Amino acid sequence: MIEAAISLMRTSGLDGARINEIVRESGAPKGSVYHHFPQGKMQIAAEALDVYSIRVRDFMVAAMEGHRTSAARVRALFEAFALRVEEGNFARSCAVGAVSLDLTPEVVALRPRLAALLEDWTETIASHVDLGDAHRTRSYAGLLLTAIEGAYVRCRAERSSRPFIEAGEWLATLANSR
């Protein structure tokens with residue numbers, strides 16, 4: 001059910017991750033949803049976002065590790081995201097970003113968790129780049145994450161990974177110019 005929720009949120013946000021859709025996608029009996037998740041959809045969503053967030057953090061680290069310079073790490077990170085969006089046939093974006101864009105009353109309860117997950121990713125990126133100053137590095141990492149989320153939107157709309165590649169090149173150039 002967690003996997004189904006992640007998949008649904010990546011394609012259509014929280015609105016697309018309704019209980020009936022999660023049951024259909026997962027193949028689980030509907031009664032087991034309330035057995036394992038007594039608080040319903042919001043509990044499933046919160047737990048799925050936590051699992052997803054760890055995976056994304058690990059994905060980012062794996063993409064950046066092994067590269068010697070901040071610029072090379074940035075370029076590798078954006079290339080990895082470009083490949084990821086291609087492998088998803090431009091139909092999947094970031095579950096955290098997609099849920100954040102669902103401007104429904106349900107999301108209000110998830111906002112602190114969403115903000116914390118984005119903060120964790122920002123810190124992950126910041127720990128792999130160095131602009132010579134902690135404040136600048138942290139701010140730059142936030143810019144990278146903003147570009148990643150925006151690139152997902154463009155990639156889906158344009159059915160192209162070019163937004164990730166272009167952003168990665170420009171942001172790597174910025175890292176070189178510190």
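Everything numeric here is computed off the predicted structure, so don't read it as measured data. The figures here come from the full heavy-atom set of this structure, side chains too, leaving out hydrogens, waters and symmetry mates.
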Test side chain to side chain donor-acceptor pair (under 3.5 Å) on Arg156 and Ser93; report intermediate values, then the result.
CA-CA 8 Å; Arg156 285 187 75 172; Ser93 58; 3.2 Å; yes
Derivation and outcome, side-chain contact (heavy atoms from CB on, under 4.5 Å), residues Ser32 and Met1:
CA-CA 9 Å; Ser32 65; Met1 289 181 275; 3.9 Å; yes
Determine, stepwise, if the pair Val56 / Arg84 fulfils side-chain contact (heavy atoms from CB on, under 4.5 Å).
CA-CA 11 Å; Val56 171; Arg84 182 179 174 109; 3.9 Å; yes
Evaluate the criterion side-chain contact (heavy atoms from CB on, under 4.5 Å) for residue pair Asn20 and Lys30; output intermediate values, then yes/no.
CA-CA 8 Å; Asn20 287 337; Lys30 191 168 187 173; 2.6 Å; yes
Could you check Ser7 against Arg92 for side chain to side chain donor-acceptor pair (under 3.5 Å), going step by step and ending with a plain yes or no?
CA-CA 8 Å; Ser7 178; Arg92 294 174 172 249; 2.9 Å; yes
Show, in sequence, the C-alpha distance, side-chain angles and deciding distance for Arg73 and Glu65, and conclude whether the salt bridge (Lys or Arg N to Asp or Glu O under 4.0 Å) test is met.
CA-CA 7 Å; Arg73 289 182 190 126; Glu65 281 184 341; over 6 Å; no
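Looking at Arg138 and Glu119, a side-chain N of the basic residue comes within less than 4.0 Å of a carboxylate O on the acidic one, giving a salt bridge. A salt bridge links Glu21 with Arg24; the closest basic N to acidic carboxylate O contact falls under 4.0 Å.
From Ile148, atom CD1 reaches atom SG of Cys94 across 9.0 Å, with rounding to the nearest 0.5 Å. Atom CE of Met42 is separated from atom CG of Leu110 by 3.5 Å, given to the nearest 0.5 angstrom. Atoms CG and CG, from Leu49 and Leu117 in turn, are 6.5 Å apart once rounded to the nearest 0.5 Å. Between the OH atom in Tyr52 and the CD1 atom in Ile6 there is a gap of 8.5 Å [rounded to 0.5 Å]. The distance from the OG1 atom of Thr137 to the CG atom of Leu131 is 4.0 Å, given to the nearest 0.5 Å. Separation of atoms CG (Leu77) and CE (Met60) is listed at 6.0 Å; rounding is to 0.5 Å.
Looking only at distances, a side-chain donor or acceptor of Thr69 sits under 3.5 Å from a matching main-chain atom of Ala72. A distance-only check finds a donor-acceptor pair linking the side chain of Asp130 to the backbone of Gly132 [under 3.5 Å]. Here the side chain of Trp121 pairs no donor or acceptor atom with the backbone of Ala116 at under 3.5 angstrom. No donor-acceptor distance shorter than 3.5 angstrom exists from the side chain of Ser139 to the backbone of His135, with no hydrogens or angles considered. Although no hydrogens or angles enter the test, the distance criterion places a donor-acceptor pair under 3.5 Å between the side chain of Lys41 and the main chain of Leu14. Using modelled atom types, one side-chain atom of Thr124 and one backbone atom of Asp120 make a donor-acceptor pair closer than 3.5 Å. Of the possible donor and acceptor atoms, none in the side chain of Asn176 sits under 3.5 Å from a partner among the backbone N and O of Ala71. Side-chain atoms of Ser177 come within 3.5 Å of backbone N or O of Leu174 as a donor-acceptor pair.
Under the 3.5 Å distance criterion, with hydrogens and angles disregarded, no donor-acceptor pair is assigned to the side chains of Arg154 and Ser160.
Both Phe37 and Ile19 are part of a single hydrophobic cluster, where members link through side-chain heavy atoms under 4.5 Å apart. Placement of Val51 and Leu114 within a single hydrophobic cluster is found when ILVMFWY residues are connected by side-chain heavy-atom separations under 4.5 Å, directly or transitively. When hydrophobic clusters are built by joining Ile, Leu, Val, Met, Phe, Trp and Tyr residues whose side-chain heavy atoms come closer than 4.5 Å, directly or via intermediates, Tyr34 is grouped together with Ile44. Neither Val153 nor Val99 shares a network with the other; the hydrophobic side chains, linked directly or stepwise wherever heavy atoms of I, L, V, M, F, W or Y lie under 4.5 Å apart, form separate groups for each. Clustering ILVMFWY residues whenever any of their side-chain heavy atoms sit less than 4.5 angstrom apart, transitively, puts Met64 in a cluster other than the one holding Ile165.
In this structure the side chain of Arg18 reaches within 4.5 angstrom of the side chain of Asp15, judged on heavy atoms.
Between Phe164 and the choices Phe90, Phe81, Trp170, the ring pair (Phe, Tyr, Trp, His ring centres under 6.0 Å) rule is met once, by Phe81.
Considering every non-hydrogen atom in both Ala98 and Met9, the closest pair reads CB-O, 3.4 Å. Minimum heavy-atom separation, Leu144 to Phe78: O-CZ, 3.6 Å. Ala109 approaches Pro112 most closely through the heavy-atom pair O-CD, 3.7 Å. The shortest heavy-atom contact between Cys155 and Val85 is CB-CG2, 3.8 Å. Residues Ala17 and Ala5 come closest through the heavy atom pair CB-O, 4.4 Å. Summarising the geometry of Leu171 relative to Ala147, their closest heavy-atom pair is CD1-CB, 3.7 Å, with the distance given to 0.1 Å.
Take Arg162 and apply the side-chain hydrogen bond (donor to acceptor under 3.5 Å, both in side chains) test, not counting sequence neighbours, and it matches Glu158, Glu166.
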